[in-house]
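Following: one structure in structure tokens, then a few remarks.
What you see is a predicted model; the values in this text were computed from it and never measured.
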Amino acid sequence: MPSFKEFEKQVIRVLRKKEIDKLVFDLRFNGGGHSRQGTEFIRKICRSLPENKGEVFVLIGRSTREAAIINAVDFMKSTRVILVGEETSGTANHFGDVKRFVLPESRLIISHPSTYYSLLEEDRPSMEPDLHTPMDFKQYMSGTDPALEAVRRYKQP
């Protein structure tokens with residue numbers, strides 16, 4: 001696989017050279033981590049989009065949490081996006097940036113969040129998609145992706 005920097009360069013090159021009807025950024029299976037790399041990537045993507053950029057879709061779902069939610073909000077604050085999928089597993093306003101330390105006597109490792117992110121005015125238990133496309137077991141087993149199907153069929157109102 002290419003390095004992330006190489007992948008990023010390829011994406012930006014394509015965005016600058018090709019006419020884009022629909023751009024899909026899939027965060028459904030991103031359980032978090034550090035948001036900074038994604039935030040910078042999203043800023044570069046949004047700066048590289050042409051004026052007539054077409055639609056930008058951000059896919060979210062039940063496995064989207066923490067840093068991935070921050071990245072979904074990064075998109076929402078940078079350009080007009082359509083959220084597609086299912087509710088996220090967490091809220092945009094949350095504790096993150098997990099730090100660790102070792103207790104001196106027991107040597108137990110303690111993990112704790114160090115930063116509170118207040119990203120949206122309204123504090124809801126999860127982020128809701130604009131286009132709700134739940135996946136059932138039958139779709140999963142047949143390889144059908146309702147979120148991508150909704151994006152494929154989407155016509156601008």
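- One hydrophobic cluster, built from ILVMFWY side chains closer than 4.5 Å, cannot hold both I20 and L59; they sit in different ones.
- Ring geometry, F41 versus F4: the interplanar angle exceeds 60°, so the pair is classed perpendicular (tilted spans 30 to 60°).
- Within a 6.0 Å radius of CZ in F137, no more than 12 heavy atoms belonging to other residues, nucleotides or ligands are found.
- Other members of the cluster containing L108 are F101, L103, I110, with ILVMFWY side chains joined at under 4.5 Å, either directly or via other members.
- T91 places a side-chain N or O within 3.5 Å of a backbone atom of R124 that can act as its donor or acceptor partner.
- Other residues sharing a hydrophobic cluster with I109 under the 4.5 Å side-chain heavy-atom criterion for ILVMFWY residues are V102.
- Partner of F57 under the side-chain contact (heavy atoms from CB on, under 4.5 Å) criterion, out of D130, L148, V84: V84 alone.
- For the pair A92 and L120, the tightest heavy-atom approach, listed with the atom from each and the gap, is CB-CD1, 3.6 Å.
- Note that the NZ atom of K77 and the CD1 atom of I70 stand 10.5 Å from one another [nearest 0.5 Å].
- Salt-bridge formation is not detected for the pair D136/K138: no Lys NZ or Arg NE/NH1/NH2 atom is positioned less than 4.0 Å from an Asp or Glu carboxylate oxygen.
- Summarising the geometry of L27 relative to A68, their closest heavy-atom pair is CD1-O, 3.4 Å, with the distance given to 0.1 Å.
- Side chain of S48 to backbone of R16: no donor-acceptor contact under 3.5 angstrom is found.
- What you find for T88 and M127 is that their closest heavy atoms are OG1-N, 2.9 Å.
- Across every non-hydrogen atom of E66 and G31, the tightest pair is OE1-O, 3.7 Å.
- More than 12 heavy atoms of other residues, nucleotides or ligands shown are found within 6.0 angstrom of NE2 on H132.
- No continuous path of hydrophobic side-chain contacts links I82 to F75 [ILVMFWY only; heavy atoms under 4.5 Å].
- For Q139, the CD atom counts as densely surrounded, since its 6.0 Å shell holds more than 12 non-hydrogen atoms of other residues, nucleotides or ligands.
- The backbone N or O of V151 lies less than 3.5 Å from a partner atom in the side chain of K22, making a donor-acceptor pair.
- Looking at N71, its side chain does come within 3.5 Å of a backbone N or O of S35 through a donor-acceptor pair.
- Under the side chain to side chain donor-acceptor pair (under 3.5 Å) criterion, R107 pairs with no residue at all, not counting sequence neighbours.
- At least one side-chain heavy atom of I45 sits under 4.5 Å from a side-chain heavy atom of F25.
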